[in-house]
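What follows is a short report on a single structure.
These figures come from a predicted structure and were not determined experimentally. Labels below follow one simple rule: chain letters A, B, ... track the order of the sequence lines, proteins then strands, and each chain is numbered from 1.
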There are 4 protein chains.
Amino acid sequence: MTLKTAVLGASGYAGGELVRLLDDHDGFDVVHLGAHSHAGGVLADVHPQLRGGARPLGDIDADLGSLDIVFLALPHGASAIIGQRLREAGVRVVDLGSDYRFAEASRYAEAYEHDHPYPSELGHWRYGLPELFDVKDSHAVAVPGCYPTAVLLAIGPLVRAGAVSAKGIVADCLSGVTGAGRALKEELLFGDVAEGVRAYAVTRHRHRPEIEMGLDLLGADGATITFTPHLVPMQRGLLATVTARLVADTEPTAILAEAYADSPFVEVIAQPPQTRWTVGSNRALVAAFVDNRLGVVTAQCAIDNLLKGAAGQGVQVANLMTGYAEITGLPASGWMP
Amino acid sequence: MTLKTAVLGASGYAGGELVRLLDDHDGFDVVHLGAHSHAGGVLADVHPQLRGGARPLGDIDADLGSLDIVFLALPHGASAIIGQRLREAGVRVVDLGSDYRFAEASRYAEAYEHDHPYPSELGHWRYGLPELFDVKDSHAVAVPGCYPTAVLLAIGPLVRAGAVSAKGIVADCLSGVTGAGRALKEELLFGDVAEGVRAYAVTRHRHRPEIEMGLDLLGADGATITFTPHLVPMQRGLLATVTARLVADTEPTAILAEAYADSPFVEVIAQPPQTRWTVGSNRALVAAFVDNRLGVVTAQCAIDNLLKGAAGQGVQVANLMTGYAEITGLPASGWMP
Amino acid sequence: MTLKTAVLGASGYAGGELVRLLDDHDGFDVVHLGAHSHAGGVLADVHPQLRGGARPLGDIDADLGSLDIVFLALPHGASAIIGQRLREAGVRVVDLGSDYRFAEASRYAEAYEHDHPYPSELGHWRYGLPELFDVKDSHAVAVPGCYPTAVLLAIGPLVRAGAVSAKGIVADCLSGVTGAGRALKEELLFGDVAEGVRAYAVTRHRHRPEIEMGLDLLGADGATITFTPHLVPMQRGLLATVTARLVADTEPTAILAEAYADSPFVEVIAQPPQTRWTVGSNRALVAAFVDNRLGVVTAQCAIDNLLKGAAGQGVQVANLMTGYAEITGLPASGWMP
Amino acid sequence: MTLKTAVLGASGYAGGELVRLLDDHDGFDVVHLGAHSHAGGVLADVHPQLRGGARPLGDIDADLGSLDIVFLALPHGASAIIGQRLREAGVRVVDLGSDYRFAEASRYAEAYEHDHPYPSELGHWRYGLPELFDVKDSHAVAVPGCYPTAVLLAIGPLVRAGAVSAKGIVADCLSGVTGAGRALKEELLFGDVAEGVRAYAVTRHRHRPEIEMGLDLLGADGATITFTPHLVPMQRGLLATVTARLVADTEPTAILAEAYADSPFVEVIAQPPQTRWTVGSNRALVAAFVDNRLGVVTAQCAIDNLLKGAAGQGVQVANLMTGYAEITGLPASGWMP
């Protein structure tokens with residue numbers, strides 16, 4: 001079986017990784033690449049590192065109703081109508097974007113400060129973090145943001161088990177620069193990024209409501225989190241450092257180990273996870289450190305923001321949606337010691 | 001007036017910066033450079049970037065009793081006896097190391113897991129963070145660690161003003177790699193550091209008791225902090241992101257602005273401070289962001305870990321100890337936009 | 001068919017990449033990992049990024065006579081006796097090291113400034129740059145150094161075609177830091193490498209005689225080259241910039257294109273090749289630029305020093321030695337746009 | 001004496017460094033900052049690392065006829081009319097740009113592929129590389145490009161002394177990314193630059209005719225050079241590796257040492273110069289390596305592209321134009337070991 005597949009938004013960093021992964025996956029046959037401003041060009045114009053560079057870049061609003069599955073890697077807002085249309089046409093859709101991540105329109109409005117354009121559509125989508133939420137046989141899945149992926153993998157099982165309070169969690173997260181996308185902004189020039197770190201969107205990043213939603217889906221009753229994302233001078237990698245109050249006499253590491261016992265991509269380790277050990281793979285490395293003096297746990301999760309935090313998770317989800325083995329086509333080893 | 005000066009521990013990163021700053025300072029005349037394993041060589045062996053590379057590297061236990069002031073940039077434990085001896089000989093001492101930072105031997109023991117070798121000596125030293133603690137006319141000053149400097153500058157005035165609770169503070173800090181020193185460890189090789197981030201010493205870093213001591217000196221009654229340091233792939237720079245519970249209806253930014261109104265090196269800004277804007281200077285950039293929904297403040301401080309976090313602060317302290325203007329010889333502008 | 005395989009020298013950067021590639025290759029079953037100083041530990045001690053981290057690290061001088069093929073990624077000098085012993089035992093050997101690259105002992109002596117320990121063994125080995133020299137069905141192959149690979153791919157076909165003079169070639173090469181290995185040297189610390197470039201071994205690097213040998217194998221009669229390697233602050237990637245005098249009225253780009261028409265990994269492009277477009281893959285990107293004013297061509301080749309420059313080329317060679325398709329198990333797309 | 005000074009083009013990387021240096025120089029009082037697209041804002045908008053961030057950014061075509069000296073750090077073409085107007089008004093001008101570097105309009109046309117707009121103006125300007133060409137008491141000086149500075153410092157004295165042939169020189173140069181300016185181009189994004197190297201403008205960079213002019217000014221009769229610039233993933237620093245044929249039985253290192261015996265900023269060393277040892281200073285480190293086998297010398301020069309390659313050299317030139325000591329206000333030590 002080979003599924004006819006399209007990638008819309010192929011010119012960005014995550015889009016390029018989608019193409020690379022799908023090219024190496026026997027189950028998907030990429031028959032259309034859509035790009036917004038680069039439509040009319042070829043793949044090598046935007047991703048000279050990929051084989052098959054002569055493949056044409058087409059429109060993002062081509063008629064794809066006859067395909068089996070479409071991956072969306074579009075800017076915020078651009079997936080809404082395309083995703084709805086494809087889903088209604090019976091095409092499976094994996095959206096790496098943020099338009100369909102929220103079950104409730106109110107959370108969407110809180111995060112994005114405007115109403116959702118198609119609130120009735122929200123109920124048709126599932127939240128695609130497969131280690132914590134079931135997506136098998138779904139037809140439309142919104143893949144979590146990179147930060148929510150890492151934060152929820154680090155602390156989600158502890159909230160679900162009642163081991164920690166879901167109120168007053170502090171999550172400081174560090175992301176490589178590809179996480180900020182490929183837009184032409186002076187603040188993303190090498191000369192303005194290298195050799196420095198910075199936080200951004202302090203107290204008001206739109207992934208904060210998404211993380212709180214995820215914790216509530218896991219059983220919290222009104223989770224609250226202080227979330228501070230930081231940009232780090234590296235291409236890829238994301239580290240979440242999450243501090244929470246322990247409210248039960250439990251072993252956080254044991255809870256995490258049990259939660260991920262059957263997850264092929266999540267490994268619970270005893271030392272602080274380094275992003276390097278995940279970059280290039282779909283792995284997530286998780287660890288928890290208890291401070292008995294204060295009754296506090298610091299849980300961490302390291303991922304590759306473009307793979308487990310975006311394209312890799314998208315393929316993992318697509319495998320589950322279509323009946324392939326979960327690990328098919330996904331690298332299990334990283335690139336850097 | 002020119003003071004006869006020595007730098008002991010000149011071969012490390014902070015030691016090199018001390019030499020560079022003192023060379024450009026009219027008030028200090030560096031007459032002795034001490035290095036441990038490189039004694040017998042010349043300055044250019046360890047710091048080819050510095051002018052005057054032919055200057056000899058001597059012993060760290062040379063007889064320096066006739067000097068006016070000595071800067072120590074030695075590994076932990078190595079300052080104890082040298083510092084005591086110099087102080088008793090009437091030489092002013094600025095210690096960048098950790099041997100004399102604690103007023104109480106019990107805190108020292110908690111941090112370093114062994115007893116202080118000369119507990120009676122502790123009372124002779126002051127804690128040299130001049131924006132928060134007076135060091136004028138002192139004879140022996142221990143300069144704070146790089147992390148305590150940034151964390152205390154971010155949150156200290158808020159604790160002192162009673163604006164936040166000193167219990168349950170969370171401080172996630174990001175440091176450039178020079179902060180880990182110049183030791184030969186595989187984990188510090190370029191090939192093992194670049195393109196990745198990691199936390200280390202989670203729940204048990206020795207700067208945690210030092211920060212709690214600093215907060216108690218500012219009026220807290222048993223401050224507690226969850227402190228997680230991270231290593232970031234950049235040479236220099238340190239960012240502290242500190243989250244605390246607001247306990248009074250106050251304006252954190254106004255409190256900080258007032259606290260630093262007369263400080264030539266600390267600037268309170270409205271946006272998240274970037275380490276790049278401080279690297280190369282003795283500046284500290286501070287900002288505070290309030291989340292009214294949760295009653296929480298996230299305060300940040302960015303510094304150059306080798307300047308305001310080490311050598312620059314040492315010279316600032318020395319200026320105050322010796323009667324020079326506080327800013328003498330210290331760069332007010334950074335290197336990177 | 002699955003071949004029983006060992007990797008000796010698994011703890012280094014190239015050794016780790018060998019393990020990663022072979023793990024993803026259906027034709028090789030890695031049954032032994034040998035490491036020198038880490039013997040007795042497990043793979044995760046040295047390569048936490050790899051799956052199967054619990055696999056034991058054994059000795060490098062284990063009895064491997066029953067295996068089908070052994071990859072050597074050992075320091076200079078360490079392959080000589082092991083390689084000979086394995087070859088004589090009928091085991092296929094792929095040596096990433098430098099012990100058996102030279103056909104003539106005199107060149108070896110020139111490069112390494114000592115006599116070869118087993119000169120009579122040299123004739124049993126082939127030089128494994130498959131795009132230029134045949135290695136099909138060989139039993140013992142020495143893979144070229146990373147610099148010779150790139151320089152020979154850039155200029156080799158032009159020398160062979162008589163388009164350029166093989167005298168007075170200038171090759172300036174830029175390598176990522178993993179090319180210098182994983183040894184504990186101060187000059188390889190992040191704090192001593194980042195944000196700087198340097199040449200090293202100017203006029204006396206040991207890859208210079210190897211390149212000249214390669215050109216002579218291609219028909220030059222006493223090629224001479226000025227070779228200057230540089231270290232660049234990046235993990236991976238190698239760029240050769242090679243300038244030579246044109247001696248015939250030919251089209252260098254056409255010659256290169258014809259030379260590599262059947263090579264699955266070498267692509268001739270029209271713009272200056274970037275190392276980023278190759279890192280993560282076994283690709284080599286080649287381009288040539290003619291300065292008609294001076295009658296000079298500048299040819300360039302970009303590769304991933306750890307893949308096409310080491311482990312990837314090793315697997316490519318092993319595929320050819322054992323009858324697998326040349327591209328089996330080798331990534332055709334890079335990681336970075 | 002304090003000279004009333006303006007900097008035009010203050011928003012770029014070199015412009016920022018000019019402001020930083022002049023702020024620390026007692027002899028210049030910066031009374032006007034001109035910026036093109038940022039006019040109307042303040043200095044902190046473009047250079048938050050600098051003190052005095054509240055200073056206004058004005059127009060680049062303000063009336064500056066009453067000033068003593070003006071520094072131009074403008075894009076190519078923008079200095080021509082402003083420079084002429086200021087010079088005719090009797091204001092001293094230091095131009096970091098390329099409009100007035102050529103003595104002959106024909107070389108300008110060759111480099112920039114269009115005629116010079118004011119060819120009669122060219123004769124009024126001197127070429128400001130003070131170690132090789134006299135600029136004392138000049139009124140209008142064009143500072144060389146960063147690449148010509150390094151290449152001419154490396155090889156210029158050897159050409160002047162007749163030690164090497166000025167024909168067929170090969171110069172491969174490596175520059176930090178700030179050398180490419182601060183323009184919004186996708187190829188300069190951190191995500192498109194980090195972890196890779198590339199050449200650009202191969203065979204046709206506009207600094208090539210400038211270098212050949214410099215060599216001819218030093219006595220060559222029609223120097224020819226193959227010049228290949230490369231971009232390296234670091235902020236600052238420039239390394240020139242220059243290979244030339246020896247034509248006399250001389251000692252290149254001795255010639256260089258004699259040539260720079262009285263130069264406060266150029267140091268001839270015995271090992272390959274690292275850019276790190278110069279970054280932050282106005283130093284140039286030079287070395288030469290002879291290959292007797294081939295009769296070839298490889299000469300190298302490392303500088304900070306923004307200081308000795310731009311702003312620092314501009315201030316050095318201004319010191320000489322105005323009678324200050326050559327070293328005034330210029331850092332003699334770098335930042336990195």
Practice task
Select, from K167(B), R208(B), E186(B), R204(B), the one with the greatest count of heavy-atom pairs under 4.5 Å involving chain A.
Solution key: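 Answer, by heavy-atom pair count under 4.5 Å with chain A: R208(B).
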
Handout entry: Residue among A194(B), G176(B), G168(B) with most heavy-atom pairs under 4.5 Å to chain A
Key = A194(B)

How long is the span from the [atom1] atom in [X] to the [atom2] atom in [Y], to the nearest 0.5 Å?
X: T228(B); Y: D172(A); atom1: OG1; atom2: CG; answer: 8.5 Å
X: D291(A); Y: I225(B); atom1: CG; atom2: CD1; answer: 11.0 Å
X: Y200(B); Y: Q271(A); atom1: OH; atom2: CD; answer: 16.0 Å
X: E195(B); Y: M336(A); atom1: CD; atom2: CE; answer: 6.0 Å
X: L294(A); Y: T226(B); atom1: CG; atom2: OG1; answer: 5.0 Å

Problem - Any residue of residues 230-240 of chain A which, by heavy atoms, sits under 4.5 Å from chain B - result: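 Under the 4.5 Å heavy-atom cut-off, H230(A), V232(A), P233(A), M234(A), Q235(A), R236(A), L239(A) qualify.
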
Handout entry: Proximal to chain B - members of residues 295-313 of chain A, heavy-atom separation under 4.5 Å
Key =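 Hits under 4.5 Å: V296(A), T298(A), Q300(A).
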
[X] side chain to [Y] main-chain N or O, any donor-acceptor pair under 3.5 Å?
X: R293(B); Y: T224(A); value: no
X: R276(A); Y: D192(B); value: yes
X: T203(A); Y: F289(B); value: no

Handout entry: Region of T241(A) in contact with chain B, defined by heavy-atom distances below 4.5 Å
Key =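 T241(A) touches chain B through backbone and side-chain heavy atoms alike.
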
Exercise for the section: Among the options T275(A), V197(A), L174(A), pick out the one with the most heavy-atom pairs lying under 4.5 Å from chain B. Expected result: V197(A)

Practice task
Locate the shortest heavy-atom distance separating A199(B) from P272(A); write the atom from each residue and the value.
Solution key: O-CB, 3.3 Å

Practice task
Count the heavy atoms of every other residue, nucleotide or ligand shown that sit under 6.0 Å from CD of E187(A), and state whether that count exceeds 12.
Solution key: yes

Problem - Heavy atoms from other residues, nucleotides or ligands near CZ of R107(B) exceed 12 (cutoff 6.0 Å) - result: yes

